[in-house]
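Following: one structure in structure tokens, then a few remarks.
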Amino acid sequence: MIENIKEAMNTNRKLDVTISDYDKNGKLLTKSDPQSGIKLQRVMLSPYGIVMADGFYYLLASDVRYDDLRHFRIDKILKASICEEDGSMRDVKTLSNVPRDLKPVQYKNLNRYMLDGTVERVHINIKKKDISLVLDTFGNEFTCNKVIGNDDIYDVTFRANIQTAVRWAIANRKAVKLTSPKKAVDIVKEEISALSEMYGNQER
């Protein structure tokens with residue numbers, strides 16, 4: 001299967017892919033299972049690259065039904081056949097969410113946890129001593145300015161998957177405050193409220 005993926009990328013061909021998922025016992029299903037809610041998906045993809053994140057390999061590709069770049073865990077792909085008819089892959093530069101001269105490693109920085117969601121411009125306030133958190137997670141493509149009236153806080157702007165930015169901001173909440181976009185800030189508030197309710201009612 002991996003040979004077909006690599007050949008499709010090298011020859012600019014589309015892939016006919018069947019995707020599954022793992023059941024509660026950690027078994028990759030080879031057919032749909034209504035009881036567990038797992039359904040096989042057959043999709044036509046234009047493949048562009050492979051990246052590794054959090055111990056898994058992902059195929060970077062565009063689904064022919066949509067106009068954006070997505071990622072698919074390779075270990076969940078059951079079959080990948082090269083399309084013989086109408087097989088030319090889509091030019092990656094025509095996709096709606098692809099920055100100029102995108103490379104696989106850049107995509108991984110934008111989508112660090114490989115979550116669903118859009119890539120947008122994110123603004124945070126972060127303590128000066130913790131600026132390395134941004135570098136370690138999102139790379140060095142960001143702008144940084146001191147917050148007026150506070151020499152210990154930086155206002156930082158970078159592009160990232162919204163869900164990734166939310167998870168990262170919550171995990172680093174002692175050093176990071178997510179300030180925009182508003183929908184990301186709202187998600188953080190909802191998550192913190194849900195966590196507070198979940199753990200606040202526990203008996204000591």
Side-chain angles (χ1 to χ4, degrees), residues 21-22 48-63 66-74 76 92-202 204:
D21 208 339
Y22 293 94
Y48 303 110
I50 296 174
V51 297
M52 185 178 183
D54 293 332
F56 295 102
Y57 286 98
Y58 292 84
L59 173 65
L60 305 187
S62 65
D63 185 325
Y66 310 104
D67 70 344
D68 58 350
L69 184 63
R70 303 184 177 203
H71 52 265
F72 304 84
R73 258 178 58 180
I74 291 179
K76 294 184 178 182
V92 68
K93 294 180 181 178
T94 66
L95 301 179
S96 62
N97 63 335
V98 175
R100 183 179 299 174
D101 300 326
L102 179 78
K103 295 179 176 62
V105 67
Q106 293 171 312
Y107 182 89
K108 187 170 74 171
N109 285 342
L110 296 173
N111 299 272
R112 177 59 61 172
Y113 305 125
M114 294 296 175
L115 302 172
D116 292 333
T118 59
V119 172
E120 297 185 28
R121 191 165 298 282
V122 173
H123 295 261
I124 64 166
N125 286 164
I126 186 169
K127 293 180 180 179
K128 183 166 61 175
K129 66 181 182 64
D130 295 314
I131 196 68
S132 61
L133 291 173
V134 180
L135 282 164
D136 293 344
T137 306
F138 301 104
N140 61 2
E141 294 187 9
F142 62 88
T143 59
C144 183
N145 298 289
K146 286 185 178 180
V147 173
I148 296 175
N150 193 331
D151 290 337
D152 293 324
I153 302 293
Y154 281 138
D155 177 67
V156 177
T157 305
F158 54 90
R159 286 174 55 82
N161 175 293
I162 290 298
Q163 295 296 335
T164 294
V166 166
R167 177 185 287 190
W168 177 80
I170 292 174
N172 296 285
R173 58 194 175 277
K174 291 184 177 180
V176 175
K177 180 181 180 180
L178 187 60
T179 58
S180 75
K182 182 179 181 301
K183 62 182 175 182
V185 176
D186 289 342
I187 295 173
V188 170
K189 290 178 179 178
E190 290 171 4
E191 291 292 332
I192 291 176
S193 177
L195 287 170
S196 178
E197 184 177 344
M198 179 183 295
Y199 289 99
N201 295 330
Q202 287 186 331
R204 297 194 176 188

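Contact record, His71 with Tyr107: ND1-OH, 2.7 Å, taken as the closest heavy-atom pair. What you find for Leu178 and Ala169 is that their closest heavy atoms are CB-CB, 4.1 Å. Residues Ser62 and Tyr48 approach most closely at OG-OH, 3.2 Å, considering heavy atoms. When all heavy atoms of Ala165 and Phe138 are compared, the closest pair comes out as CA-CZ, 4.5 Å. In this structure, Cys144 and Ile131 approach most closely via the heavy-atom pair SG-CD1, 4.2 Å.
In this structure, the separation between CZ on Arg121 and OG1 on Thr157 is 7.0 Å, given to the nearest 0.5 Å. In this structure, CG on Asn161 lies 8.5 Å from CG on Leu110, to the nearest 0.5 angstrom. For the atom pair CG of Asp152 and CD1 of Ile126, the computed distance is 13.0 Å after rounding to the nearest 0.5 Å. Remark: Asn111 CG to Arg159 CZ distance equals 10.0 Å, nearest 0.5 Å.
With a 4.5 Å cut-off on side-chain heavy atoms, Asp54 and Met114 do not count as touching. When side chains are defined from C-beta on, Val166 counts as touching Val188, because their heavy atoms get closer than 4.5 Å. The closest side-chain heavy-atom distance from Tyr66 to Leu95 is not below 4.5 Å. Counting heavy atoms from C-beta on, the side chains of Met52 and Tyr58 never come closer than 4.5 Å.
For the salt bridge (Lys or Arg N to Asp or Glu O under 4.0 Å) condition, no pair includes a residue of residues 171-181, sequence neighbours left out. Sorted by first and then second residue, the ring-ring contact (aromatic ring centres under 6.0 Å, His included) pairs involving residues 111-132 (not counting sequence neighbours) form an empty list. Pairs of residues two or more places apart, or lying in two chains, that qualify as side chain to side chain donor-acceptor pair (under 3.5 Å) and include a residue from residues 128-139 are Thr137-Trp168.
For Phe142, the CZ atom counts as densely surrounded, since its 6.0 Å shell holds more than 12 non-hydrogen atoms of other residues, nucleotides or ligands.
Legend: residues meeting side chain to side chain contact (heavy atoms under 4.5 Å, CB included) with Thr118, ordered by chain and number and at least two apart, are Glu120, Ile162, Lys183. Take Ile153 and apply the side chain to side chain contact (heavy atoms under 4.5 Å, CB included) test, not counting sequence neighbours, and it matches Asn125, Lys127, Val147, Asn150. Partners of Glu191 by side chain to side chain contact (heavy atoms under 4.5 Å, CB included), not counting sequence neighbours, listed by chain and number: Ile170, Ile187.
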